[in-house]
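Before any comments, here is the structure.
Bear in mind that the values here come from a model prediction, so they are computed numbers and not experimental data. Chain letters run A, B, ... following the sequence lines, proteins first, then strands; residues in each count from 1.
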2 protein chains.
Amino acid sequence: MTLDFLGTLERTHMCGDLRAANDGQPVVLMGWVNRRRDHGNLIFLDVRDRTGITQIVLDKERGAAAHLKAESARPEFVVAAVGQVRLRDADLRNPKMPTGDIEVVATELLLLNDAKTPPFSPAEDAIANEEVRLKYRYLDLRRPEMQHNFRLRHEVARAIRNYLSDDGFLEIETPFMTRSTPEGARDYLVPSRVHAGEFYALPQSPQIFKQILMVSGFDKYFQIARCFRDEDLRADRQPEFTQIDLETTFPSQERIFRIVEGFLTAAFKAANITLQPPFVQMTYDEAIRHYGIDKPDMRLPAMTDLTDTVTPDLRTQLKIEQALPILGFVIPSAGTLSGTQKRSLIEEIRTFFGETGLDFLDVARLKTNETFAPLAAAIADEMKPAEADLVVVITPKLGTPERWNYDPQWIYKKVGALRLELAKKFADKHGLFKQTGTAADYKFCWVTDFPMYEWDEEAKVWQAAHHPFTSPHEDDITSGRLVSDKGAVRALAYDIVLNGTELGSGSIRIHRKDVQAEIFRSLGMSDEEQKARFGFFLDALEYGTPPHGGIALGLDRIVMILAGATSLREVIAFPKTARAIDLMVDAPTPVSDQQLRDLSLRTVVRT
Amino acid sequence: MTLDFLGTLERTHMCGDLRAANDGQPVVLMGWVNRRRDHGNLIFLDVRDRTGITQIVLDKERGAAAHLKAESARPEFVVAAVGQVRLRDADLRNPKMPTGDIEVVATELLLLNDAKTPPFSPAEDAIANEEVRLKYRYLDLRRPEMQHNFRLRHEVARAIRNYLSDDGFLEIETPFMTRSTPEGARDYLVPSRVHAGEFYALPQSPQIFKQILMVSGFDKYFQIARCFRDEDLRADRQPEFTQIDLETTFPSQERIFRIVEGFLTAAFKAANITLQPPFVQMTYDEAIRHYGIDKPDMRLPAMTDLTDTVTPDLRTQLKIEQALPILGFVIPSAGTLSGTQKRSLIEEIRTFFGETGLDFLDVARLKTNETFAPLAAAIADEMKPAEADLVVVITPKLGTPERWNYDPQWIYKKVGALRLELAKKFADKHGLFKQTGTAADYKFCWVTDFPMYEWDEEAKVWQAAHHPFTSPHEDDITSGRLVSDKGAVRALAYDIVLNGTELGSGSIRIHRKDVQAEIFRSLGMSDEEQKARFGFFLDALEYGTPPHGGIALGLDRIVMILAGATSLREVIAFPKTARAIDLMVDAPTPVSDQQLRDLSLRTVVRT
């Protein structure tokens with residue numbers, strides 16, 4: 001078999017373009033053989049490109065040379081077909097293919113490249129195991145689902161860029177080879193050749209640079225920026241990931257919310273989903289009390305606080321701690337449970353709680369007990385379950401651990417976690433996690449007023465709950481609470497949450513050196529340490545730093561959710577495994593002794 | 001002095017917005033004090049943001065508190081002013097300021113932050129030395145010129161992205177932590193913590209990935225991508241730089257030219273420059289013969305080939321080598337030179353050529369010599385100099401070095417270099433390098449048909465002139481020249497050149513494994529070496545790789561030229577010095593022993 005060169009031949013259409021209206025037109029198509037059917041004098045090649053598939057007909061009587069070539073064509077061969085569009089006979093039309101009304105009768109066929117039998121076929125629906133897919137990523141990416149995901153990713157990024165640009169934001173590129181930033185995770189380092197023994201760090205985020213850009217008066221900055229974290233990888237993390245990063249001067253929290261709602265609406269529009277901003281807002285405190293978590297999945301009903309519903313007397317009788325919260329929630333449409341199913345569910349809940357002292361309160365049984373029937377009625381009245389809903393009420397048993405004393409939100413969080421667990425268990429019944437392709441699939445909310453500090457019970461100190469540039473509420477500064485009552489100080493920090501996933505996190509930043517110094521002081525950071533870690537930034541605060549704030553959202557995650565994918569690897573073209581390996585290019589690898597010598601490095605293999 | 005909080009105050013206008021038509025409106029402006037003039041009961045603050053400057057008037061009689069605060073305001077303080085727009089008196093209007101017809105009479109002034117006296121003032125035209133500018137980059141970036149450059153950069157990138165997206169290109173992100181690619185420069189390495197002793201490399205370009213994306217059927221890919229090269233830095237290089245990278249399948253060279261001309265026209269449009277594509281094209285051979293260089297500066301007239309003008313007899317009389325080229329060029333409008341100036345210029349030219357055997361032929365003197373007068377006339381006839389032009393003719397003296405034998409282009413290159421040298425010398429006279437702000441400032445051309453191989457005289461072998469994935473001309477393959485006559489093989493490689501600067505470089509790639517194997521073989525690369533360096537890519541070639549090709553252009557350089565800047569550091573927000581140091585954040589730095597231990601590394605300080 002001899003391969004052909006393309007020469008000066010130009011494609012006239014893409015393989016997804018042709019319709020009945022093109023009947024009779026001369027066309028040139030180029031692409032991959034998706035399938036081949038040999039009917040003797042007639043050979044059919046389904047030819048695929050990123051837009052779709054067209055059926056090419058090679059008729060020996062109309063073009064013997066082209067037919068001969070088609071005989072050697074195999075799946076994934078690269079071909080060019082010169083021919084004419086023809087309507088298919090009515091009974092041979094394929095309504096499942098956009099091009100199913102037509103076919104192209106080829107008079108000329110070029111075999112531009114051949115292909116070995118691939119380890120898996122991009123034309124098949126069955127998906128190979130992920131290691132094979134990653135190793136042969138170039139084949140995997142030919143699958144229509146993957147082509148769709150990256151077109152979607154492109155359109156989403158484009159919509160965001162244009163929205164922000166139209167709103168006066170400038171995209172400004174910040175360095176990748178920089179200095180370690182203080183964000184908790186490990187930095188990836190880059191050894192310097194010129195400065196022996198010294199290192200750059202890949203940025204965990206452009207945080208410091210975007211703040212510097214505000215100090216520089218750029219007023220509205222954004223960047224779709226790669227970020228790097230050397231973490232022990234969980235299933236849903238990648239060592240490099242992409243953030244939509246933005247910052248603005250003289251901001252209010254609400255203005256930042258409007259900006260984010262605006263670009264998310266534009267992004268979702270690119271995927272044909274019409275969002276209706278503004279999004280729901282709640283404080284951290286409300287989120288914990290109603291959902292038991294700071295990233296509420298609002299596709300599910302909130303928890304109900306039954307604390308006041310159960311009177312002190314009833315608590316005594318039911319052996320429930322006084323003063324501690326009692327929480328209920330509903331799993332919609334869970335359906336009737338048999339006695340065995342019910343017992344097994346209660347067992348599961350008790351296993352879930354273990355020794356925490358929390359317990360399931362069986363409302364159904366209360367109902368049949370004269371003493372408690374009114375309580376059951378009151379609970380039903382508060383929670384308003386529908387017929388097929390599962391009602392879960394959780395109470396703290398007498399002797400519930402001390403933890404309550406220093407972590408009053410603990411019960412809410414534990415019950416909230418159970419709520420999510422059961423919602424997953426009954427997902428098929430309630431159907432609330434199913435993608436319907438409409439805006440109803442996407443429940444956004446803002447969570448605000450996070451605590452500024454977290455109490456570290458082991459070290460007995462207050463820790464910054466966010467990065468140390470997050471501003472407290474102005475009145476927590478002016479009132480003196482910043483010094484006198486750390487536990488009550490609220491940060492001007494906010495998260496945007498979609499379907500129980502944190503999409504992004506931001507804050508109004510500290511712009512005054514006196515406030516910044518107080519925060520560092522309260523975190524136990526010495527002047528020297530401050531200077532060593534943030535010296536240039538503290539300097540910058542002294543030369544006219546304006547009030548500023550911003551946010552960063554994970555682009556990979558947004559696209560993943562929009563694509564209905566379950567892993568970030570489905571929306572990153574060349575991702576790494578959980579062991580941070582690129583299986584296709586085979587990275588990382590050892591390097592030459594010369595390269596190490598150039599960098600004044602020696603590797604120390606641990607034994 | 002007490003600082004104020006912003007509270008809920010929102011800005012109504014930017015400082016460059018207000019005009020006479022806004023007379024009487026209530027406004028809130030926020031920004032930096034650019035200048036302050038204290039006239040007792042009247043204080044004038046020029047307040048600056050990224051859009052411009054507005055004059056704020058604090059009148060003690062109208063607002064004593066605000067006036068008092070203005071007394072403490074100093075340059076670079078951050079302020080918010082609440083007030084009312086007022087037309088200035090006719091004689092006080094400032095036609096040089098867009099807001100010069102009005103001022104804002106403030107009733108309230110917030111001092112949002114103070115500022116130490118900066119090491120240099122963003123309000124001054126005088127520019128501090130570059131080290132100070134880089135260390136205090138946040139102040140430097142406040143200067144209107146820098147604000148302009150980054151707005152321009154944003155608009156240019158945006159125009160390119162939208163043009164390519166509209167043309168069906170998808171922007172797809174490729175990895176930053178990858179495997180060493182074979183592009184000649186040193187890689188920056190990133191040690192792996194999980195895989196002790198192994199390294200990722202930062203990409204010198206997305207070359208391999210974009211080719212893989214073509215194998216994957218994405219058809220039209222682009223990316224505005226950061227690239228990294230650990231080179232010994234020259235004045236005009238940065239360790240990280242940004243490329244407009246693109247690749248397409250089933251391409252012709254001409255189609256790629258149209259794409260690039262399209263996005264460059266869009267980019268220049270964003271800077272109010274209307275280009276007129278298509279751009280001039282010439283082969284490498286023509287570029288060398290007419291300009292003596294593969295990146296011709298077409299703002300200057302081409303060289304004239306006088307080889308045939310000077311007959312063998314005249315050559316003998318003038319002691320000029322037979323058969324070697326004689327080249328002339330004109331420096332326009334150089335003006336009349338005095339005898340001394342002329343002698344000194346000739347001296348300069350002779351110094352420039354040194355022992356090469358090339359020499360200046362004094363046409364003016366030929367003219368006065370009866371024997372040679374016809375030659376002088378013939379030369380003038382060929383070169384058509386205008387009155388004030390400087391005519392330079394260069395001849396090879398008898399005994400010109402052997403180099404000519406293996407490097408026939410050498411004389412063209414040497415004379416071309418002199419042409420550029422003299423053009424710089426007389427730049428003030430001819431004015432061709434001056435920016436006029438019109439399309440005439442920008443002379444583009446395409447250079448095509450580069451040689452596939454370069455002869456390495458020392459090693460006596462052929463080297464690939466480009467990366468080894470560049471395709472030869474199809475007929476150099478089919479004719480067998482690829483094996484039999486390497487010196488004659490032309491690459492399907494092309495450069496885009498602007499004003500003598502190479503903006504970008506591209507090629508049609510090899511898509512067939514037999515051709516790729518031949519190229520590797522001809523470069524003396526063993527099968528093992530091929531497999532070790534490009535294994536996965538050679539595998540990919542076997543599974544249906546389509547014809548493909550592309551190009552990459554330097555975004556930094558395009559913006560630099562459009563901004564009329566003379567250094568890339570003027571258009572990169574946080575650049576590094578020639579020693580690869582970020583003076584603001586102070587990077588690179590030593591890292592902790594723990595970090596090194598985590599990476600199984602030890603630094604070896606050379607003594």
>> Determine whether A:R142 and B:V215 satisfy the following criterion, side chain to side chain contact (heavy atoms under 4.5 Å, CB included), listing intermediate values before the conclusion.
In response: CA-CA 8 Å; A:R142 285 184 196 161; B:V215 179; 3.4 Å; yes
> Which atoms form the tightest heavy-atom contact between A:S216 and B:Q147, and what is the distance?
Replying inline: O-NE2, 2.9 Å
Give a yes or no on whether a salt bridge exists between [X] and [Y], defined as a side-chain N under 4.0 angstrom from a carboxylate O.
X: B:R186; Y: A:D598; value: yes
X: A:E173; Y: B:R153; value: yes
X: A:R179; Y: B:D582; value: no
X: A:R161; Y: B:E171; value: yes
X: A:D539; Y: B:K135; value: no

>> According to ring pair (Phe, Tyr, Trp, His ring centres under 6.0 Å), who are the partners of A:F199, at least two apart in sequence or on a separate chain?
In response: none
Would you call [X] and [Y] a side-chain contact if the rule is heavy atoms closer than 4.5 Å?
X: B:H154; Y: A:F222; value: yes
X: A:I477; Y: B:F5; value: yes
X: B:V78; Y: A:F250; value: yes
X: A:D166; Y: B:R158; value: yes

> Is it the side chain or the backbone of B:T478 that comes within 4.5 Å of chain A heavy atoms, both, or neither?
Replying inline: side chain
> What class does the angle between the rings of A:F176 and B:F176 fall in, given that below 30° is parallel, 30 to 60° is tilted and above 60° is perpendicular?
Replying inline: tilted
> How are the rings of A:Y543 and B:Y136 set to each other: parallel, tilted or perpendicular (split at 30° and 60°)?
Replying inline: perpendicular
>> Run the side-chain hydrogen bond (donor to acceptor under 3.5 Å, both in side chains) test against B:T249 and tell me which residues pass, sequence neighbours left out.
In response: B:D219
> Is the side chain of A:E240 donor-acceptor paired with the backbone N or O of B:M177 at a distance under 3.5 Å, no angle test?
Replying inline: yes
> Yes or no on side chain to side chain contact (heavy atoms under 4.5 Å, CB included) for B:L213 and A:Y138, after CA distance, side-chain angles and deciding distance?
Replying inline: CA-CA 7 Å; B:L213 287 171; A:Y138 40 89; over 6 Å; no
